[in-house]
Amino acid sequence: MSEGQHYTVLERLANGLVRENPIFKLALSMCPAVAMTNNVRNGFLLGLAVLFVQVASNVTVSIFRRFIHERIRIPAYIIIIATWVSVSDMGLAAYAPGFYKEIALYVKLIVVFAIIISRLEVFASRNTVWPSFWDGMGMGLGFMFALMFVGVFREFLGSGSLWGIELLPFKPFFFWSLPPAGFFAIGLLMALFLWLERRFNAWRGRK
Amino acid sequence: MSRRLLWALLALLLLTAQASAAGRILDGEVSGEHELTLTLGLALPADWQWQGNVGVVERESPDIPLTVESARLEQNGRVLVLTLAEPVSSQSAYDLSLRPSAQEPAEKFTLRKGFLALLFSIVIGAALIQNFVFSRYLGLCIFFGASGRKETAVGMGFSFILVMTLSAVFVWAVYNFVLRPLHLQFLQVITFVGIIAIFVQFLDTVLRKVNPFLFKKLGVYLVLITTNCIILAVPLILVNNAYDLWESLALALGSGAGFALALFLMACVRERLELADIPEVFRGLPIAFVVAGLFALAFLGFSGMSF
């Protein structure tokens, strides 16, 4: 990706959501995807925090990209991310204290999520503010979408409910609510997406 | 000469850590689900009023006093048994204050398990019961990245234990001697990440100059370690639990060892998987996830264990 290349809003969003989806395609930042997806709401809140941090640090880095020296860029990025993580940490603690308790450790750990720093390195440090903003949006939404997708899958099968609302009077497959099932869920969904992609490509090739 | 000095210093540190009990209270232990038993050096009078003269708090939350329901004296006032409203656990530490009479000042005592037993339980807890990879699901990027072969797994494991232990001590010192006195706790994320990044860079430079052989072995992994969740999670946990220096060391060592163990186990399986006939879409990461899930199920068996 060279500077001056043109990115459209839609293209960036589609890139983050599908083509370079952080969880299913890039396989970065898997920790929250395994640990925080036993229900939809946790996934949504953590995804929201990641979206905010990604967009904010993308914009910050692309504003200051000419002032950050090449040699010290990694520490500089980490400090920028840590600042925005502290902001979202305190914001969540103040406005959603009940849910925050469950995800507190993971919100602080957003600092070391590989997806954020890799987007800063690959995209925001080489592009202007506006494309960087939409790249952050796309990546954050892709992350949120993936977390919620796994969350829907696990919460519905595990406890027969969605977003805490009971849909089925019984628990279809309680195993999926257990913490270790996160690994299985991610593994199976990853394989499913790969299979779908192959089928899709083969179908397009035949046409 | 310098070695003897080192031993003397170590002995001094150990002694100061142990010598917390001096005064009327000789010993204390958790004797039941709601009971704490104290052994006293000087007997308390039989008509001693316990209301208002005894206070118990958990060390993690010193602002919330626990409710003492009753206190009784046994063995001619040499043993004091406190019954609390909330259940107590032998895992955590309790700060007690006791005023023998209205004139005397209150005496403080920290009640916890035998020191070495406590450290041992922290190490085992961090390595097996609450294994960071299989029970807390942290550090997965590196876990899947570096568990391809046994050789990389061992290298990564050792450098991780090294960095983890040293940086935990460093973080502990900075938090307790700089951030807490200045009331800057809200800066903890920024400070910890900064410290770890600087520390890894420092280790990289020093190793390159001092021990090129070790650098060749570990150098590649050092940079990767900065982006590991565990290296940040351990400082956050030790600050949350108000651990002292030795407990922090034990936590860091245990979690490092647990991560190394997880890496090695996974590498053993993945080397074999290369020869197995796996459905095409499952090759690579998906099957690794399923294997990790099986390991996590096995590690679930440790969850009932406690010391």
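We name chains A, B, ... by the order of the sequence lines, and we start the count at 1 in each one.
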(request) Nearest 0.5 Å please: distance from the CZ atom of A:F113 over to the SG atom of B:C229. (result) 6.0 Å
(request) Grab the two heavy atoms, one from A:F184 and one from B:V290, that are nearest each other, plus how far apart they are. (result) CE2-O, 3.6 Å
(message) So that I know where these two stand, are A:F183 and B:F295 an aromatic pair - ring centroids less than 6.0 Å apart?
(response) no
(request) Name the option with the most non-hydrogen atom pairs under 4.5 Å to chain B; the candidates are A:A82, A:G182, A:A185, A:A181. (result) A:A82
(request) Side chain from CB out, backbone as N, CA, C, O: work out which of these in B:L294 comes under 4.5 Å of a heavy atom of chain A, or both, or neither. (result) both
(message) Rounded to the nearest 0.5 Å, what separates atom CD1 in B:I230 from atom CG in A:L109?
(response) 10.0 Å
(message) Is B:L236 in contact with chain A via its backbone, its side chain, both, or neither, using a 4.5 Å heavy-atom distance?
(response) side chain
(message) Checking an interface table here. Which of residues 171-190 of chain B come within a heavy-atom distance under 4.5 Å of chain A?
(response) B:F186, B:Q188, B:V189, B:I190
(message) Other residues, nucleotides and ligands only: do more than 12 of their heavy atoms fall within 6.0 Å of CZ on A:F149?
(response) no
(request) Enumerate by number any residue of residues 188-203 of chain A whose heavy atoms lie under 4.5 Å from heavy atoms of chain B; in the absence of such residues, state 'none'. (result) A:L188, A:M190, A:A191, A:L194, A:W195, A:R198
(message) For A:Y106 versus B:L138, what's the shortest heavy-atom pair and its separation?
(response) CE2-CD2, 3.6 Å
(message) Please check if the number of heavy atoms outside B:F170 that lie under 6.0 Å from its CZ is greater than 12.
(response) no
(message) Please classify the contact between A:S86 and chain B as side chain, backbone, both or neither, with a heavy-atom cut-off of under 4.5 Å.
(response) side chain
(message) Are there over 12 heavy-atom neighbours, none belonging to A:F64, within less than 6.0 Å of that residue's CZ?
(response) no
(request) Would you give the length of the straight line joining atom CG of B:L232 to atom CD1 of A:I110, rounded to the nearest 0.5 angstrom? (result) 11.5 Å
